[in-house]
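These numbers were taken from a predicted model, which means no experiment stands behind them. The figures that follow rest on heavy atoms only: side chains count, while hydrogens, waters and symmetry mates do not. Note on naming: letters A, B, ... go to the chains in the order of the sequence lines (proteins, then strands), and numbering restarts at 1 for each one.
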Amino acid sequence: MATESVHDVALTLHDQLPILQLVVPFLAAPLVMVVGAGRGVAWLIAFLASLAAFAISALLLAQVIDGGFLSYQIGGWAPPLGIEYRIDAVNAFLLFLISGVSTLVLPFAYESVKAEIAERNQALFYTCYLLCFAGLLGVTITGDAFNVFVFLEISSLSTYAIIAAGADRDRRALTAAYDYLVMGTIGATFFVIGLGLLYMMTGTLNMGDLADRIAPQTDNRTIQAAFAFIVVGMGLKIAIYPLHLWLPNAYTYAPSAVTAFLAATATKVAVYVLLRFSFSVFSPGFAFENYTYELIILPFAILAMFAASFIAIFQTDLKRMLAYSSIAQIGYMLLGLSLMNASGLAATMVHLFNHGITKAVLFMGVGALTLRAGSSFYASIRGMGRAMPLTAAAMVVGGLSLIGVPGTAGFISKWVLVQAAFEKGWWPVAFLIVLSSLLAVVYVWRFVETLYLHEPARDAAEAPLTMVVPIWITALACVWFGINTDITMTAANTAAETLLSGSTGLAEPSPWTSALPAGEASH
Amino acid sequence: MSDHRPATDDDLPALGRLLTWVDRPGSGTKLFRALGGFCAALLVIDLLISKHGHFHIEDVWAFYGVYGFLSFVCVIYGAKTLRFFAKRNEDYYGAQAIDREDYPLDQTGVTKEADDA
Amino acid sequence: MLESIPTAFLFFAMGLLAMAVPKGAARSALLVVIPLIAAWQVWTLPEGNLAPVTFFGLDLELMRVDRLSRVFGLIFCLIAALGNLYAWHLKDTVQQVAAPLYAGSAIGAVFAGDLVTLFFYWEGTAIASVFLIWARRTLGAYNTGLRYLIIQVGSGVILMAGIALLYAETGSIAFDRMTLGSLGTWCIFFAFGIKCAFPLLHNWLQDAYPAATITGTVVLSAFTTKLAVYALARGFAGTEILIYIGAIMTLFPIFFAEIENDMRRVLSYSLNNQLGFMVVGIGVGSEMALNGTAAHAFVHILYKALLFMSVGAVLYRTGKVKASELGGLYRTMPLTATFCLVGAASISAFPLFSGFIAKALILDQAAAHHHAIVWGALVFASAGVLSHSGIKIPFFTFFAHDSGMRPKEAPTHMLIAMGITAFLCIFIGVFPGTLYAILPYEVDYHPYTAAHVVGQLLLLCFALLAFGVLYRTGRHPAEIRCINVDSDVIYRKAAPSVVHIAARAISAIWQAHAGFWMRKTDLVLRGLYASHGPEGRMARVWPTGAMVLWIAILLGVTLAVIFVT
Amino acid sequence: MQHHIVLRVVTKLLCGLIVLFAFYVQFHGDYSPGGGFQAGVIMAVAFIAYAVVFNLEMAQKVMPARVAHKLAALGVLIYGGTGVVSMLFGYTFLDYGAFQPGHPSHGQHWGILAVELGVGVTVTGVMLTIFYAFTSRVPSISDEEW
């Protein structure tokens, strides 16, 4: 057993990075509860934790961006018995996105939370925020299937709480959170049922080990059913059309900072889990998996691209419009996924990232507008482009990126996606991608027109600096990643290759014999 | 059109005044004759120098002169023929076309009095 | 430090700065100084691939410096400085930003080591330059600019298509010598040809340049076509068809120039004719011929700019540019007239002027490679050049019959710009070695042999004599108010009438069906709003149960798909 | 419940015993049935029983809601802190070998004790928080109006 070994190699801080990625925000959460009497302190702890996590994620990404992986064994228990954190290009990229967005959203949140959430609840809010943040990181970083579920629940439960925190502004946040709770729980249950079925057939929960044990029994009905449960369960978290019904309300009524954070990260993490299970645990060669993607996910992805875009066009509330646009954009990610080839996966990965920062800009912009205009209805933000030139200009940049105008991040992902569709020979799909981008032009134009081409509805000052600066940093990131694709495309391509290489490199060579840790046995 | 029309030739710049010689009666003829003389001199020189052109015809005496003269005549008559076919009124492409319009005066120095450096 | 910045970026920065600096002397000075710095940078840059960038897995070379690109880059920087000096008086932000962007794009394209970079800058020149036309701010200029833009962007699109085809075929985007054969190379060739104003693809040039602003035309005349010449020299040197294309290019514009009334259009035709010489040089493709092309491009940029400057100065002072309205201006604009004469002598290739030492290289090579007919055409064209650029421009502008106008001499900054340019024209003509030293290949050629000088003088003087005879006998075509149709009649007159007829037919049919389709469209929009609008079924807040039902359905369907297949 | 004197006296007596039992369960958890979770629940029950029999205000005097909140967080910190301490010794997160380097199985005992303590504290805090959250909610319609 692990504990019977004498530990002879002291781990350095560098070796501990994978766990620190999670532990820092995770322990910051209770710390906020214990010491965080004042809002300033709570915010500061949250921000510092997030900043540290961001730095760590950057270090991790740098280590794995060229391929390869890091493995960390919790408590010294070797996989597959123990829980293993495994970092490769796929999740390092996502960790980078999550912690980056969080680090940008938190400065924005300072003023936004002050305005939207009652003073006495703010420390609790930051605690839940950190838990959600840590949960998302945990889902991403772990190499243990059940651990995914645990962290998923941690992030989901805290998400319900921080969405409900919007109730101080609009009571409908409560029902939105409650609906999400019911649906999210069903989704998580499906997921855990899937895991249960897998465990039943394989007796293991380590992802690499699972992959090895599933491979010889693909005809097994139980395993196939497990796949269906996992896809549908995660599909709900992703908000695959038509399982998106929780999303518009949750995003609309949540506090602005929460929406900005969740829109940029939560669904992305769910997509990641789906990717991980579809490619690492199950392998893309399985016939049933291909059929599922081609016959179910692909049509729904295309449906999402159009139906959600149409709904977005007709919305009267900017925040809600963006929520529907998110559903449409998720369609693109699933589309890339269902192409089941390397460039499609790279498109999904890069769109995860690019759409994340794009939506972060837009939702933060909406938050700033809401702060000054009172609400995000088109009627009340009319003409605010003149009163709040900086915020509005950043939102235009975000809007352009949402459409996919060359020179913005959005263009890169759509470009790669269209290329991938061509590569697969699916011309009509490529055409549909371009066509649906036109719908994005319409709804983006609607808010640009509202912001600029109307007489201002009210006098308002520019948003405070703590908001404008993060908004603009993110907006510039949209442009930067639209021009310099070094980081994003390299990471996405490596990630796609990693995923497509299936379980190789994931599994321990001989699971049971290597249960002992690397150290020598003492008795 | 400029309002600063110098009243007499004396108001002209020095170089301009010098050049008015060409407009004096007979000057044109003098120039033409000078040119003829120069051409004749060239023909003489052409006889004296040794030539090693790429083509034999280049070495023929007065080849370039004849070729130049004929070419020019060809160009003029060719152009006249072309004008017969290609000439159109200035509003051929419509009254708003670029060919029809004058250069906007407000972008020139004509209407501005004192923008001279 | 300067080495690490691609030269094009210096110009782009200049464009941005020009927006920030207030109008006036500071901005004008900025626009003159930075191109000079850029010229110095180009002069001192080491050869090699200085700014490699990876984009989408493509290896781009933003700065490929070798002797061919350096000579073009150098003259582009120089003429940008001179053009901006000429435009010192401008207080027009549009032009002052567009000009650096345009020049920067052209220079970027020259230093582009791969086709993708070339494409971006190629389109950059198209888009930036059209503002120099639109800056005239008249309806005619707007329409002309639009035609120009369509053709130029079209050239870029064809180039892109060619690059894509070539890439698919060879897997390389390197911008090196190509051989015509595949569709891809033909597309690229065609794209270059449009910008280089090949016969029948030429008309945008004569259409657009006279329509630009006074200072805009000077800048325009330098870059676009010479960029195309550079691209051809880089990509298609030694392609035989170019010899014949070039020969035709030298010929047909002569006749049009002779009867054209608008002086700037005369110069545009003359530009087209001069391009022909360069294209022939490229077609011949020997090292010396390419030297000739580069040298000719170099000097041509200078003297053509000088001619456009002098005509522009007249236009600036009188508001007129048509031969039928001009004449006798030497009295009050003697310096401008002198500079114009220097330009005219240069373009006509009089000995001791720059045209002489450059054109000779090309003629010599055409002859050396036994292209007798082409050689004959080029010599013919040399005499033709004299007729319109050498005689017509200075004679009918500054001499001939007195128009009665007594405008002031050109502004000082214009005179300085013209003076420097004229000086360069003569300097290069007198000391050809200075130019020969920077040409792409070693030069072993002496223009000032007795036979060559005498031959050239004979050619020109007898042509002058012919002019004298014809003019004095009244046989020289008169300058009259008219325009001449060229190939542009196809898209400016014929195509519109066809479209017009078609439009009428279609509109008749449309009228009949409009009501029907209007109702249909309206119905579709209403339907969409009813289903997707805020209160629509698709966007409504659904009960949680409905969602759970969906989960069940989706799970059922997924299971069915998995089990059945 | 002011008149249920027996109940009140017995509760007062039992509360101490319940707490004691909670500690027993807490510290024997690693050998016998039980552990941090059970101990935490039992501990909370002591306060809940007190609140039920006396009243909420009395209970909150002993254990204010604020403290319960902090306890919940504190337990997590103890749990996580254990892992951090093992990291400080150069071991992986939560590798209890760190607590007695020469003798890993002894280290294991120490580690589990610390972790279970964290669990116990958190469960106590959370149970009480939930209880307070429900009981301190003022009904929109008071009992008398039914």
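Here the NE2 atom belonging to His54(B) is positioned 9.5 Å from the NE2 atom belonging to His369(C), to the nearest 0.5 angstrom. To the nearest 0.5 Å, atoms NZ (Lys320(C)) and OG1 (Thr108(B)) are separated by 10.0 Å. To the nearest 0.5 Å, atoms CG (Leu19(B)) and OG1 (Thr338(C)) are separated by 6.5 Å. Rounding to the nearest 0.5 angstrom, the gap separating the OH atom in Tyr92(B) from the CD1 atom in Ile483(C) is 8.0 Å.
Residue contact with chain B, scored on non-hydrogen atoms closer than 4.5 Å, involves the backbone of Ala135(C) exclusively. Within the 4.5 angstrom heavy-atom criterion, atoms from both the backbone and the side chain of Thr29(B) approach chain C. Proximity to chain C is limited to the side chain of Ile49(B), based on heavy atoms less than 4.5 angstrom apart. Proximity to chain C (any heavy atom under 4.5 Å) is shown, for Leu70(B), by neither the backbone nor the side chain.
Residues Tyr67(B) and Phe380(C) form a side-chain contact, since some pair of their non-hydrogen atoms from C-beta on lies under 4.5 Å apart. For the pair His476(C) and Ile76(B), the minimum side-chain heavy-atom distance is below 4.5 Å. The closest side-chain heavy-atom distance from Asn143(C) to Ile98(B) is not below 4.5 Å. Two residues are said to be in side-chain contact when any heavy atoms from C-beta on lie closer than 4.5 Å; Arg83(B) and Glu258(C) fail this criterion.
For the side-chain contact (heavy atoms from CB on, under 4.5 Å) criterion with Tyr103(B), the lone passing option out of Val321(C), Thr213(C), Thr138(C) is Thr213(C).
The candidate with the highest count of non-hydrogen atom pairs below 4.5 Å against chain B, out of Val379(C), Asp262(C), Thr144(C), Leu335(C), is Val379(C). Among the candidates Leu251(C), Ile214(C), Asn261(C), the residue making the largest number of heavy-atom pairs closer than 4.5 Å to chain B is Ile214(C).
The residues Arg265(C) and Asp99(B) are annotated as salt-bridged, a charged nitrogen and a carboxylate oxygen being separated by less than 4.0 angstrom. Salt bridge status for Arg136(C) with Glu101(B): present, with a side-chain N to carboxylate O gap under 4.0 Å.
Note: Trp375(C) and Phe55(B) have tilted aromatic rings, judged against thresholds of 30 and 60 degrees for the angle between ring planes.
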